[in-house]
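Below is one structure, written out as structure tokens, with a few remarks after it.
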Amino acid sequence: PVLKDADSMTFGDIEQNIVELSTKAKEGSLTMDDLTGGTFTVTNLGAMGIESFTPVLNAPEVAILGVCAIQPKPIMNGSETEFIPHMGLSLTFDHCAADGAPAARFIAHLREKISNIELTLLETLY
């Protein structure tokens, strides 16, 4: 199912639309309109513990983002080793529609937002 105009929705709107589309899918009542018009897909194999994969682009969509499992990864902090949560992301995109540089900037921006999500959530709570 395609979530249309997601860029202009609030998180609550997105959640509500996902619930509605999921219900229609379970009931077998999706229409062709519900299944067409997508431009960008997010696929999540992380829920199954997959740490890395390459998502396949669904033509004529422009890109697909693969979300991988969150796993603790070692990092050096001075002379000490600590483990931090790490989530892999894989972006497959159509080079005819977009150059590699904007795609790389997208992933970098997404990484920045995800890295600061805890701080952002705390700011909204207080």
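Note that these values count all heavy atoms, side chains included, but never hydrogens, waters or copies made by symmetry.
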Item to complete: Take D5 and S8 through the test side-chain hydrogen bond (donor to acceptor under 3.5 Å, both in side chains) and record every step on the way to the result.
Response: CA-CA 6 Å; D5 302 316; S8 63; 5.3 Å; no

Item to complete: Count the heavy atoms of every other residue, nucleotide or ligand shown that sit under 6.0 Å from CE of M76, and state whether that count exceeds 12.
Response: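 Counting other residues, nucleotides and ligands, CE of M76 exceeds 12 neighbours.
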
Discussion item. Is it the case that over 12 heavy atoms from other parts of the model lie below 6.0 angstrom from the CD atom of Q71?
Written reply: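 Counting other residues, nucleotides and ligands, CD of Q71 exceeds 12 neighbours.
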
Worksheet item: In the hydrophobic cluster built from side-chain contacts under 4.5 Å, what are the other members alongside I18?
Response: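 Reading the cluster by chain and number, I18 sits alongside L3, M9, I14, L21, L30, L35.
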
Heavy-atom check, side chain of [X] versus side chain of [Y], under 4.5 Å:
X   : Y   : value
T43 : V67 : no
E15 : E20 : no
I75 : T81 : no
V2  : T39 : no
I50 : C68 : no

For residues 56-64, dump all side-chain donor-acceptor pairs below 3.5 Å to protein atoms at least two apart in sequence or in another chain.
from	atom 1	to	atom 2	distance (Å)
E61	OE1	T41	OG1	2.4
E61	OE2	T41	OG1	3.3

Discussion item. One thing to verify: whether K73 and E51 come together as a salt bridge, which I'm taking to mean a side-chain N less than 4.0 angstrom from a carboxylate O.
Written reply: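 Salt bridge present between E51 and K73.
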
Discussion item. Once ring-ring contact (aromatic ring centres under 6.0 Å, His included) is applied, what residue pairs with a partner in residues 84-111 remain, sequence neighbours excluded?
Written reply: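 Residue pairs with at least one partner in residues 84-111: F40-F106, F93-H95.
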
Worksheet entry | S90 side-chain N/O to F53 backbone N/O, donor-acceptor pair under 3.5 Å |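 Side chain of S90 to backbone of F53, a donor-acceptor pair under 3.5 Å: yes, one is there.
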
Item to complete: Check the pair L110 / L65 against side-chain contact (heavy atoms from CB on, under 4.5 Å), numbers first and verdict last.
Response: CA-CA 11 Å; L110 183 58; L65 176 69; 3.6 Å; yes

Worksheet entry | Spacing of I114 atom CD1 and I70 atom CD1 [to the nearest 0.5 Å] |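 So the gap between those two atoms works out to 8.5 Å.
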
Worksheet item: To the nearest 0.5 Å, how far apart are CD1 in I107 and CD in E112?
Response: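 CD of E112 is found 13.5 Å from CD1 of I107.
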
Fill in: Steps toward side-chain contact (heavy atoms from CB on, under 4.5 Å) verdict (N17, K4)
CA-CA 9 Å; N17 278 273; K4 293 180 174 63; over 6 Å; no

Discussion item. Membership question, hydrophobic clusters at under 4.5 Å side-chain separation (ILVMFWY): are V42 and L91 in the same one?
Written reply: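 Yes.
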
